[in-house]
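Just below is one structure, and these are the notes that go with it.
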Amino acid sequence: MTRFYKYGFFILFLILIILINTIRITTLMHGKEKNELYQKMNKRTVSLLSTNSLLNRRVKFLEGSEIFTNKKFQNILADTSFVILLDEADCNKCQENELKRLDLFNKDFNKDKIKIFGITTSKKASSVIRQIKTNNISIPIYTINTSVFYNELAIDRNFPQLLIVINNIIVSAFKPLTFDDEFSQKYYDYLFKNIFIKVE
C-alpha cells in the first residue's frame, strides 16, 4: 500500500510539473505574441505619423527620363498619379512586393484612369532595372534629379515609399513596413475606397 502511495505521489508530482511548465510556456508565448503585436502596431503608427508631414505638399512638374530608353519627359506627373519611390530598400523583397502589387492593380483594375509609375535616381537605376526585369513589372519607371527625389519627394531614407499626387499636390503618402503585407493591403483598400473611386 505504501508503495502505491509512493508511485501515486510520484505520478501526481510529474503531472504537476508538466502542468506548471505548460502554463509557463503558454504565458511566455502569449507574452511574446503580445510584444510582437505591440512592436508591429508601434511601427505602423510611426510610419503613419512620418507620412503625415508630407501631405498637401505641392509638387511642381517633375522632369524625368524613362529608365530603359532614356527618353526625356518635361513632366511625368498626370492629373492623378500613383507613384512608388524606389531606392536601396531596407528589404528588397518588400520593394518587390510593392512593385508587384502596383503592377497587378495597374493591369487588373486601373484601366488607365490613374497614371501609375515608379521613380528612382540614376545612381540606383541598375538595381531597380534588375528588380523590374526579375519580376516582369510593366509599369513605367523614370529617373529624376537626385536632389528633387530626396529633398522634395521622399519622406525619409527608408524605401520603398508610395505617393498619391492629384493636381500637383501630394494627398496621400505611405511607407510600407518590412514583412507587414497586411498593413500595405489595408492602405490599398483605403485608397480604392476613398481616392480611386472618386477618380472614376
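Since this is a predicted model, take the numbers as computed values, not measurements.
- Between L86 and F159, the closest side-chain pair of non-hydrogen atoms is not below 4.5 Å.
- For the ring-ring contact (aromatic ring centres under 6.0 Å, His included) test, residues two or more places apart in sequence or in another chain that qualify with F73 are Y142.
- One N or O on the side chain of T134 and one on the backbone of R130 form a donor-acceptor pair closer than 3.5 Å.
- A donor-acceptor pair under 3.5 Å is formed between the side chain of N75 and the backbone N or O of L77.
- Taking CD1 of I139 as the reference point, atom CZ of F105 lies at 11.5 Å (rounded to 0.5 Å).
- Between F82 atom CZ and I116 atom CD1 the span is 6.5 Å, to the nearest 0.5 Å.
- The two residues C94 and L177 have their closest heavy-atom pair at SG-O, 4.4 Å.
- Q161 has its side chain within reach of D156: a pair of non-hydrogen atoms, C-beta onward, lies under 4.5 Å apart.
- Salt-bridge annotation for D87 and K123: absent, with no side-chain N of the basic residue lying under 4.0 Å from a carboxylate O of the acidic one.
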Can you list the steps and then say if K175 with N158 is a side-chain contact (heavy atoms from CB on, under 4.5 Å)? CA-CA 8 Å; K175 281 193 325 182; N158 298 318; 4.1 Å; yes

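- Within the 4.5 Å cutoff, no side-chain heavy atoms of F117 are placed close to those of I67.
- Taking the side-chain hydrogen bond (donor to acceptor under 3.5 Å, both in side chains) definition, one finds that S184 meets it with E98, sequence neighbours left out.
- Counting heavy atoms from C-beta on, the side chains of D180 and E182 come closer than 4.5 Å.
- By the side-chain hydrogen bond (donor to acceptor under 3.5 Å, both in side chains) test, E63 is found to be paired with no residue, residues two or more places apart in sequence or in another chain being considered.
- Taking the salt bridge (Lys or Arg N to Asp or Glu O under 4.0 Å) definition, one finds that K124 meets it with E88, sequence neighbours left out.
- Using a 4.5 Å cut-off on side-chain heavy atoms (C-beta onward), F183 and P176 make no contact.
- The shortest side-chain heavy-atom distance between L99 and I84 falls under the 4.5 Å cut-off.
- The side-chain hydrogen bond (donor to acceptor under 3.5 Å, both in side chains) test applied to D103 returns K107, S138, not counting sequence neighbours.
- Heavy atoms from other residues, nucleotides or ligands lying under 6.0 Å from CZ of F61 number 12 at most.
- Aromatic rings from F174 and Y190 are positioned such that their centres are separated by 6.0 Å or more.
- Side-chain polar atoms of T69 and E66 form a donor-acceptor pair below 3.5 angstrom.
- No donor-acceptor distance shorter than 3.5 angstrom exists from the side chain of N106 to the backbone of L102, with no hydrogens or angles considered.
- Annotation: K100, atom NZ; neighbour count of heavy atoms from other residues, nucleotides and ligands within 6.0 Å is above 12.
- When side chains are defined from C-beta on, T121 does not count as touching N145, because their heavy atoms never get closer than 4.5 Å.
- Under the rule for a side-chain hydrogen bond (donor to acceptor under 3.5 Å, both in side chains), the partners of Y187 that lie at least two apart in sequence or sit in another chain are S172.
- Q74 CD to L62 CG: the interatomic distance, rounded to the nearest 0.5 Å, is 12.0 Å.
- Between Y188 and R101, the closest side-chain pair of non-hydrogen atoms falls below 4.5 Å.
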